[in-house]
Protein chains: 2
Amino acid sequence: MAAALSNNSYAILGMVALRPMSGYDIKAFADETVRHFWAISYGQIYPELKQLEELELVSSEEAAVGGRQRTVYQATTRGREALEAWLSEPVESPMEVRDEMLLRVFFSDHGDPKDRERLLRATVKRHQDAAARLGDHRPKAASHGPSCRLEVLDFGIAFHRFCADWFSKQLRTSEEAGNHAG
Amino acid sequence: MAAALSNNSYAILGMVALRPMSGYDIKAFADETVRHFWAISYGQIYPELKQLEELELVSSEEAAVGGRQRTVYQATTRGREALEAWLSEPVESPMEVRDEMLLRVFFSDHGDPKDRERLLRATVKRHQDAAARLGDHRPKAASHGPSCRLEVLDFGIAFHRFCADWFSKQLRTSEEAGNHAG
DNA sequence: ATTATCATGTAAATGGTTACATGATTGG
DNA sequence: CCAATCATGTAACCATTTACATGATAAT
């Protein structure tokens, strides 16, 4: 019995269910779509594609262009069924966040108030930049009309804007307090 | 030369800079404060405390109660300096999110629309619950007046409320579309 | 008595990234 | 010609969790 499929397996299976893709394509597509809540690296993609093929959930086709190697994968009927089954199962793991900035903010009264403000400013900027980067992909994602992909992208944009606004407000409060004190 | 300190080292150092704590205390405190953006397990805490002690950034004291073992750690002056230095350094790693729900939402048009709605409902509930759980800790966190700890807690609450509201809106849109179609 | 909690610790497993190797093609 | 990009792949590494071992004390 092969190892049970992980969420990563389904992430990759889902990609090749959208349209035929090579490992390289999957990485590029993932980086501009799911990266902000589900990062994937080559070290996961290529071995996973092989496993999915063994399980006959995807099929592969050689599609070399000249001497440049290229293997394109697509989901099989069984693969689509497995994907559908996964979508009907209850979600197991909660959202996990790891944020160095929040960790520093948490301890920031142990340091210089100037550093704290610098930190908040950097946090605001990071979230603004993240929102902007996601926004760049929006026209492309929207070109096919409404979809789950667009929905999730819009969530990402709204999410980072929310964070930027929230820390922006904290920064203003912090600066005002500093002005009164200084 | 010892390995450079990781963010995890600073997380633990920061805890024992707040007040003397045992490894067990650190775990409990972390679980009700930083857990929502920086999870820590015993497998990290105990070895890290030893490393920090070797570097003389924390000191330990035996504080057994009866036959029950207990080692309490606190930050040394050098430890506090190291913490301050860390807080003045630029942040390296970006916020990382891993969310199985979003991954499923992303692919949810491959499945049954009913499953999609169930998924959205579960997502809303999870975020509501997360906000409520964090809210439970608020009175305790607020009892010492405003602080970075309270600030970060409030961010967590606001963040999960934002997510709950956002997906709640998506769910309504989804349900309306379903009613028109059916 | 028994269960929950306090308390420390580690080995093994898991999950994921990084860095590298290899080589073709395209665009400047 | 050189850099960027396309393309595949893996070994080593890193971070983190899980599961377990051990044993005391407090609460029911």
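In what follows, every chain begins at residue 1, and chains take the letters A, B, ... in the order their sequences are listed.
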Mind calculating the distance between [atom1] ([X]) and [atom2] ([N]) to the nearest angstrom?
X: Leu103(A); N: dT16(D); atom1: CG; atom2: C1'; value: 15 Å
X: Glu62(B); N: dA7(C); atom1: CD; atom2: C1'; value: 12 Å
X: Glu48(B); N: dT8(C); atom1: CD; atom2: P; value: 16 Å
X: Tyr42(B); N: dT16(D); atom1: OH; atom2: P; value: 18 Å
X: Arg98(A); N: dC14(D); atom1: CZ; atom2: C1'; value: 12 Å
X: Ile45(B); N: dA15(D); atom1: CD1; atom2: P; value: 16 Å
X: Gln44(B); N: dA13(C); atom1: CD; atom2: P; value: 19 Å
X: Asn7(B); N: dC14(D); atom1: CG; atom2: P; value: 16 Å

Are Leu150(A) and Met101(B) joined in one hydrophobic group, where the rule is that I, L, V, M, F, W and Y side chains link up if heavy atoms are under 4.5 Å apart?
no
Test of understanding: clusters of I, L, V, M, F, W, Y form through side-chain heavy atoms closer than 4.5 Å, transitively. Do Leu134(B) and Val124(B) belong to the same one?
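Result: no, two separate clusters.
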Asn8(B) side-chain N/O to dT16(D) phosphate OP1/OP2 under 4.0 Å
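For dT16(D), OP1 or OP2 has a side-chain N or O of Asn8(B) closer than 4.0 Å.
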Hey, which sits more toward the 5' end of DNA chain D by its nearest nucleotide, Val65(A) or Gly43(A)?
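Counting from the 5' end, the first nearest nucleotide belongs to Val65(A).
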Is the Lys NZ or Arg CZ of Arg35(A) less than 6.0 Å from the centre of Phe29(A)'s six-membered ring, within 45° of the axis?
no
Does the side chain of Glu56(A) come under 3.5 Å of the side chain of Thr76(A) through a donor N or O and an acceptor N or O?
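No, Thr76(A) and Glu56(A) have no side-chain donor paired with an acceptor closer than 3.5 Å.
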Please check if any side-chain donor atom of Gln51(B) sits under 3.5 Å from a side-chain acceptor atom of Glu48(B), or the reverse.
yes
Within residues 67-75 of chain B, find the residues that approach DNA chain D with a heavy atom at under 4.0 Å, and present them sorted by residue number.
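The answer is Gly67(B), Arg68(B).
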Do any of residues 14-38 of chain A sit with a heavy atom less than 4.0 Å from DNA chain D, and if so which?
Ser22(A), Gly23(A), Tyr24(A), Asp25(A)
Residue of the set Phe159(B), Phe162(B), Trp166(B) for which ring-ring contact (aromatic ring centres under 6.0 Å, His included) holds with Phe159(A)
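Among Phe159(B), Phe162(B), Trp166(B), the one that satisfies the ring-ring contact (aromatic ring centres under 6.0 Å, His included) with Phe159(A) is Phe159(B).
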Report, as yes or no, whether the 6.0 Å neighbourhood of atom CZ on Arg161(B) holds more than 12 heavy atoms from other residues, nucleotides or ligands.
no
Check every atom of dT10(D), dT10(C), dG16(C) against the side chain of Tyr46(B) and return the nucleotide holding the closest atom.
dT10(C)
Identify the heavy atoms of Arg116(A) and Cys148(B) that sit nearest to each other, and give their distance.
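In this case the closest contact between Arg116(A) and Cys148(B) is NH1-SG, 3.8 Å.
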Would you be so kind as to tabulate the donor-acceptor pairs closer than 3.5 Å made by side chains of residues 79-87 of chain A, with sequence neighbours excluded?
residue: Arg80(A); atom: NH1; partner: Ala17(A); partner atom: O; Å: 3.1
residue: Arg80(A); atom: NH2; partner: Ala17(A); partner atom: O; Å: 3.4
residue: Trp86(A); atom: NE1; partner: Asn7(A); partner atom: OD1; Å: 3.3

